[in-house]
Colleague: 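I'd like to ask some things about the structure below.
Because the structure is a prediction, the values reported are computed rather than measured. Scope of the values below: all heavy atoms of this structure, side chains included, with no hydrogens, waters or symmetry mates.
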Amino acid sequence: MKVVIVGGVAGGATAAARIRRLDEKAEIVVFERSGYVSYANCGLPYYIGEVITDPEELTLQTPESFFARFRIRMHVHHEVTALHPDKKTVLVKNLETGGEFEESYDKLILSPGAKPVQPRLPGMGIEKLFTLRTVEDTFRLKEYIDRSKPRSAVLAGGGFIGLELAENLRDLGMEVTIVQRPKQLMNPFDADVASFIHGEMRKHGVKLALGHTVEGFEEKDGGVEVLLKGEKSLHADMVVLAIGVTPDTHLAEEAGLELGVKKSIVVNDRLETSVTDIYAAGDAVQVKHRVSGAETLISLAGPANKQGRIIADNICGGDSRYPGSMGSSVIKVFDMTAAVTGMNETNARKAGLDVDTVVLSPMSHAGYYPGGKVMTIKVVFERKTFRLLGAQIVGYEGVDKRIDVIAAAIQGGISAVQLKDLELAYAPPYSSAKDPVNMVGFMIDNIFRGLLKQWHLKDLSGLPHDGSVTLLDVRTAEEYQSGHIEDFRNIPVDELREHLDEIQKGKPVYVICQSGLRSYIASRILEGNGYEAYNFSGGFRFYDAVTHEHSLIEESTACGMDK
């Protein structure tokens with residue numbers, strides 16, 4: 001059996017190695033148009049910032065090491081320019097010599113990945129405009145930084161690469177501005193949770209120009225002028241385009257393979273394409289979202305590697321199936337960690353689901369053990385069935401652990417209520433006896449049992465201020481004086497029972513505290529005394545972070561960027 005693989009990163013490299021482990025006699029040939037195989041794409045920004053200092057650390061394998069261990073021929077600087085399924089060959093161009101040849105196959109694996117989105121804008125070809133996708137891109141950018149010592153950069157795009165690169169350029173001492181059309185960074189997160197990411201970026205000196213459209217680039221005064229629609233342009237010594245990627249599927253399209261979302265390659269759960277004996281993996285394929293069931297694109301290294309392994313199993317006579325992706329991911333944002341899995345509230349509502357959420361701010365470990373830090377957790381679930389749909393977490397320690405637990409729970413079909421029953425490891429330096437994930441379950445169980453009625457930030461603007469409802473802040477007087485929502489009366493929770501006669505019965509009571517815990521206790525006191533009480537999800541801390549961020553966005557829209 002002869003297997004030809006187009007693309008030697010992530011899915012392609014994994015498939016090649018797995019096929020060899022399953023079939024010692026198979027002939028395996030890999031064509032990679034760049035000069036590197038099996039490289040750590042996610043590590044590229046950290047080489048720019050000199051966190052990773054040895055360029056060899058960026059590549060997990062080389063063509064030589066692959067051949068030495070697996071007897072696999074890895075041809076770098078070789079681009080497959082056409083597929084011929086009718087005669088089971090591919091046309092290959094040697095980029096070093098310019099020569100072309102045909103290569104036959106019994107099985108073909110397409111793992112071409114994705115390419116950076118490069119909009120057709122004026123000035124796209126200027127020298128100081130960069131992308132960051134390949135090792136070559138990285139070396140080109142690093143060489144420019146080392147040689148020219150730029151003092152400022154504009155990053156067009158606020159996704160994973162944009163944020164990671166912003167941090168690393170700031171660590172090099174550069175002034176950094178992120179500009180993009182959406183009014184929030186990191187679209188996998190809801191806007192309210194993204195507010196915490198914005199705050200961390202600004203805290204470390206990154207300027208955000210959100211809600212702006214880039215219209216082009218001009219060379220000016222030794223740098224680059226970034227032209228914005230209806231706004232004053234931004235000037236920087238260099239610009240990096242990080243506005244996303246698109247499936248690199250022109251070969252599949254020209255060969256007549258079925259294409260789906262954004263011209264991605266359609267595959268079944270065995271990762272077979274519409275053409276016999278051709279498989280596909282990685283950023284170029286359409287996958288099913290495990291939670292929503294919708295066809296989508298998810299460009300992450302974990303799914304790509306799993307898909308490569310599944311393809312290898314199936315080529316070698318097995319019957320492995322890919323169950324879909326749910327976008328579990330984590331990112332370092334300076335000192336903070338942000339993580340997400342499944343569906344966020346925004347997308348769940350767009351999909352027509354009737355959802356509810358809980359927001360809480362637990363400590364990363366036992367409060368009596370030194371060094372604990374607050375994290376903010378938002379969990380999305382289906383209102384009637386309590387099906388667990390997704391979660392977002394921002395914080396410092398223990399964020400990755402909790403998102404992984406929730407991701408596993410979603411995959412295992414555990415309901416949002418059943419999170420309370422998970423038996424999770426506990427010791428004071430690592431967690432609490434009631435782990436944050438258990439706390440999520442306790443809260444949702446209280447909703448399920450009718451013990452907790454909530455109101456959310458989106459409800460605030462609709463609350464009447466005419467006395468028909470009672471607005472109650474149960475924090476301490478000192479907390480209240482440091483900041484509160486207009487028309488909310490302050491009665492500390494520990495004094496509430498003594499002041500119940502001051503709260504009129506027959507009116508709903510909307511309660512808030514700093515994190516949501518004391519207001520829940522206050523709600524139970526009120527309910528126990530014949531009142532109808534609603535607890536604010538997330539607490540004043542959450543309200544303050546989100547509403548403060550909203551005002552900054554409005555200000556940046558008016559003046560070009562925040563200060």
Side-chain angles (χ1 to χ4, degrees), residues 1-34 36-43 58-76 78 80 83 88 90 92 103-114 247-248 251-252 257 264-273 275-288 290 298-326 328 411:
M1 178 178 64
K2 182 179 180 180
V3 181
V4 169
I5 301 175
V6 181
V9 188
T14 296
R18 175 72 171 173
I19 291 169
R20 174 58 72 230
R21 289 194 291 270
L22 297 176
D23 186 343
E24 181 64 20
K25 303 301 182 182
E27 181 183 359
I28 307 167
V29 183
V30 181
F31 296 112
E32 168 58 43
R33 67 184 164 203
S34 77
Y36 300 87
V37 297
S38 190
Y39 59 82
N41 187 280
C42 301
L58 295 174
T59 53
L60 307 178
Q61 294 279 359
T62 65
E64 294 76 18
S65 66
F66 243 97
F67 187 80
R69 177 158 296 179
F70 299 113
R71 294 302 186 268
I72 292 173
R73 290 185 287 141
M74 287 271 191
H75 298 283
V76 296
H78 280 66
V80 174
L83 312 179
K88 296 187 114 175
V90 298
V92 185
E103 188 83 19
S104 64
Y105 66 83
D106 296 312
K107 305 288 184 180
L108 176 65
I109 302 174
L110 302 179
S111 185
D248 190 359
L251 289 177
L257 275 66
S264 58
I265 302 170
V266 172
V267 293
N268 60 19
D269 61 357
R270 285 171 50 86
L271 297 166
E272 297 166 320
T273 71
V275 175
T276 303
D277 292 328
I278 301 181
Y279 299 75
D283 296 352
V285 304
Q286 173 180 287
V287 298
K288 188 177 294 295
R290 291 194 67 150
I298 295 181
S299 299
L300 294 169
N305 279 278
K306 293 180 181 69
Q307 291 160 12
R309 178 186 174 92
I310 289 168
I311 289 172
D313 288 351
N314 292 329
I315 282 177
C316 294
D319 187 25
S320 293
R321 308 278 172 159
Y322 187 66
S325 302
M326 55 187 184
S328 300
Q411 188 162 331

Colleague: Is it true that a side-chain atom of N305 and a backbone atom of A301 form a donor plus acceptor pair closer than 3.5 Å?
Modeller: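 The answer is yes, because a donor-acceptor pair under 3.5 Å joins these two groups.
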Colleague: I want to check something: taking the side chain as every heavy atom from C-beta on, are L83 and L108 in contact at a cut-off of under 4.5 Å?
Modeller: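 L83 reaches L108 side chain to side chain.
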Colleague: Nearest heavy-atom pair of P323 and R290: which atoms, and what distance?
Modeller: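 Scanning both residues completely, I find the closest heavy atoms to be CG-NH1, 3.1 Å.
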Colleague: Do the non-hydrogen side-chain atoms of E27 and M1 ever get within less than 4.5 Å of each other?
Modeller: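 No, their side chains stay 4.5 Å or more apart.
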Colleague: Salt bridge or not between R71 and E24? Use side-chain N to carboxylate O under 4.0 Å.
Modeller: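 Between E24 and R71 there is no salt bridge, as every charged N stays at least 4.0 Å from the carboxylate O atoms.
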Colleague: Quick one: does L251's side chain get under 4.5 Å of L110's, heavy atoms only?
Modeller: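 Counting from C-beta outward, L251 and L110 never come under 4.5 Å.
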Colleague: With side-chain contact (heavy atoms from CB on, under 4.5 Å) as the criterion, how do I278 and Y105 come out once you've worked through the C-alpha distance, each side chain's angles and the decisive distance to 0.1 Å?
Modeller: CA-CA 10 Å; I278 301 181; Y105 66 83; 3.8 Å; yes
Colleague: Please give me the minimum heavy-atom distance between A26 and I19, naming the atom from each residue.
Modeller: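 For A26 and I19, the tightest heavy-atom pair comes out as CB-CG2, 4.1 Å.
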Colleague: Within the distance-only criterion (no hydrogens, no angle test), does the side chain of R73 pair as donor or acceptor with the backbone N or O of P63 below 3.5 angstrom?
Modeller: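 A pair under 3.5 Å: no.
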Colleague: Between K306 (side chain only) and Y322 (backbone N and O only), is there a donor and an acceptor less than 3.5 Å apart?
Modeller: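 Absent.
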Colleague: Could you tell me if the side chain of V287 sits less than 4.5 Å from the side chain of Q307, heavy atoms only?
Modeller: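 Side-chain contact under 4.5 Å: yes.
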Colleague: Less than 4.5 Å apart, side chain to side chain, heavy atoms only: is that true for V4 and V80?
Modeller: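 Not touching, per the 4.5 Å side-chain cut-off.
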Colleague: Locate the shortest heavy-atom distance separating G7 from I5; write the atom from each residue and the value.
Modeller: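 For G7 versus I5, the nearest heavy atoms are O-CG2, 3.5 Å.
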Colleague: Looking at D106, is its backbone amide N or carbonyl O close enough to the side chain of K88 to form a donor-acceptor pair, meaning the two atoms are under 3.5 Å apart?
Modeller: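 Here the side-chain-to-backbone pair exists.
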Colleague: So do the side chains of R69 and R20 get within less than 4.5 Å of each other, counting heavy atoms only?
Modeller: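 No - every pair of side-chain heavy atoms lies 4.5 Å or more apart.
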Colleague: When you measure from the side chain of D313 to the backbone N and O of S320, does any donor-acceptor pair fall under 3.5 Å?
Modeller: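 Side chain of D313 to backbone of S320: no pair is present.
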Colleague: Should I72 and Q61 be marked as a side-chain contact (heavy atoms from CB on, under 4.5 Å) after you check the CA-CA gap, both sets of side-chain angles, and the distance that decides it?
Modeller: CA-CA 12 Å; I72 292 173; Q61 294 279 359; over 6 Å; no
Colleague: For the atom pair CZ (R270) and CG (N314), what is the distance rounded to the nearest 0.5 Å?
Modeller: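 It comes to 4.0 Å.
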Colleague: With a 3.5 Å distance limit and no angle check, can you tell me whether D283 reaches the backbone of P247 through a side-chain donor-acceptor pair?
Modeller: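 Answer holds: no.
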Colleague: Measure the NE2-CD distance between H75 and E103 for me, rounded to the nearest 0.5 Å.
Modeller: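 Result: 6.5 Å between the selected atoms.
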Colleague: Side-chain contact, heavy-atom cut-off 4.5 Å: E32 with M74?
Modeller: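 Side-chain contact under 4.5 Å: no.
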Colleague: Starting at CD of E272, measure out to CG of D277 and round the result to the nearest 0.5 Å.
Modeller: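 Interatomic distance, E272 CD to D277 CG, rounded to 0.5 Å: 8.5 Å.
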Colleague: Give me the atom names and distance for the closest heavy-atom approach of S38 to A13.
Modeller: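 Closest pair (atom of S38, atom of A13, distance): CB-CB, 4.0 Å.
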Colleague: Which heavy atom of A280 sits nearest a heavy atom of I311, and at what distance?
Modeller: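 Between these two residues, the closest heavy atoms are O-CD1, 3.4 Å.
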Colleague: Answer yes or no: is there a donor N or O on one side and an acceptor on the other, between the side chain of R18 and the main chain of A312, under 3.5 Å?
Modeller: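 No; zero donor-acceptor contacts below 3.5 Å.
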Colleague: Show your working on side-chain contact (heavy atoms from CB on, under 4.5 Å) between S111 and V9 and close with a plain yes or no.
Modeller: CA-CA 8 Å; S111 185; V9 188; over 6 Å; no
Colleague: Testing the basics here: between I298 and S325, what is the closest heavy-atom pair and its distance to 0.1 Å?
Modeller: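 For I298 versus S325, the nearest heavy atoms are CD1-CB, 3.4 Å.
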Colleague: Is any side-chain heavy atom of I310 closer than 4.5 Å to a side-chain heavy atom of Y279?
Modeller: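 A side-chain contact is absent here, since even the closest heavy-atom pair is not under 4.5 Å.
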